[in-house]
Structures are given as C-alpha cells and as structure tokens.
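Written below as structure tokens is the structure these notes are about.
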Amino acid sequence: MVIADLQIPFHSAEWINKVKSLALTWNIKSLILAGDVFDLSALSIFLAKNEDAEEELTESEEYFAQVVSGFESTVYLMGNHEERVRKRL
C-alpha cells in the first residue's frame, strides 16, 4: 500500500483507519510512506500550526507507531515536510 501526505499530527485519523482496514482486508503486507508523513509545522518558515517542535514530534511519534503497526515492512520516502529538519540543521 502506498500513502502520502499524512502530515501527522494534523492528519485525518478517520481516513487513515479506513486505509489500514482495507490493507488488512486485502492482506497487504507492505506499506510505502511517500513523503510528508510528518507535518513538522514548528520547523516551517511559514505560519506554524504548532510552535513547539518537541511536542509535535512526541505526538507524531506515538501516532506513527500506530500507522505502521500490522505491516510486515515499511518504506519511508522523505518529502518536503521532512526536508524542514535538514534545513534547520
């Protein structure tokens, strides 16, 4: 299964749950996360939805674990939102 633009923690849990349900129903064992999995708004040069990067990452990490659970393998491709981390270094 390939999904992109989750933008955790500003995601649609309802949509993600439907996608995971389909994956289980169809016995899909691999997940490809095709960029922008995390929003990382606190690191954006644009108006931030969240000013606290540590808080956003902690919340995102907890939900990310739920997203990838149930898949035998996961491939994570970086998107422009993940690139925000590199630009801040």
Side-chain angles (χ1 to χ4, degrees):
M1 174 162 290
V2 179
I3 54 177
D5 295 306
L6 299 179
Q7 298 184 5
I8 299 167
F10 308 105
H11 57 281
S12 168
E14 180 182 353
W15 182 83
I16 293 171
N17 289 337
K18 286 180 183 179
V19 169
K20 282 198 68 172
S21 177
L22 285 173
L24 291 173
T25 300
W26 295 338
N27 201 28
I28 295 172
K29 300 190 183 311
S30 298
L31 174 64
I32 299 172
L33 299 169
D36 297 346
V37 173
F38 300 107
D39 190 75
L40 302 170
S41 172
L43 302 178
S44 176
I45 61 170
F46 303 105
L47 183 61
K49 298 174 193 168
N50 184 351
E51 297 292 328
D52 187 342
E54 187 173 344
E55 177 185 322
E56 184 176 341
L57 288 172
T58 299
E59 184 179 340
S60 297
E61 183 179 11
E62 293 168 3
Y63 193 75
F64 179 78
Q66 294 175 25
V67 171
V68 300
S69 69
F71 292 98
E72 292 179 8
S73 65
T74 301
V75 174
Y76 187 151
L77 305 172
M78 299 298 194
N80 67 305
H81 284 240
E82 287 84 4
E83 187 70 12
R84 292 173 178 173
V85 174
R86 188 193 61 79
K87 289 179 180 178
R88 285 296 186 125
L89 295 177

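These values consider heavy atoms only, across backbone and side chains, with no hydrogens, waters or symmetry-generated copies.
Ile3 is not listed as a side-chain neighbour of Ile16, based on a closest heavy-atom distance of 4.5 Å or more. Looking only at side-chain heavy atoms (C-beta outward), Ile8 and Val67 come within less than 4.5 Å of each other. Residues Asp36 and Leu6 fail the side-chain proximity criterion, which asks for heavy atoms closer than 4.5 Å. Residues Phe38 and Glu61 have side chains not in contact (no heavy-atom distance under 4.5 Å, counting atoms from C-beta outward).
Residues that satisfy the side-chain contact (heavy atoms from CB on, under 4.5 Å) test with Ile32, not counting sequence neighbours, are Val2, Val75, Leu77. Residues satisfying the side-chain contact (heavy atoms from CB on, under 4.5 Å) test with Ser12, not counting sequence neighbours, are Glu14, Trp15. With sequence neighbours excluded, the residues forming a side-chain hydrogen bond (donor to acceptor under 3.5 Å, both in side chains) with Tyr76 are Glu82, listed by chain and number.
With Ser21 contributing its side chain and Asn17 its backbone, the two residues share no donor-acceptor pair below 3.5 Å.
Across every non-hydrogen atom of Tyr63 and Ala13, the tightest pair is OH-CA, 3.6 Å. In plain terms, the two heavy atoms of Ala4 and Ala34 that are nearest each other are CB-O, 3.3 Å. Taking each heavy atom of Lys20 and Gln66 in turn, the nearest pair found is NZ-O, 2.6 Å.
From Met1, atom CE reaches atom CG of Leu24 across 9.0 Å, with rounding to the nearest 0.5 Å. Residue Leu33 holds its CG atom at 11.0 Å from CE of Met78, rounded to the nearest 0.5 Å.
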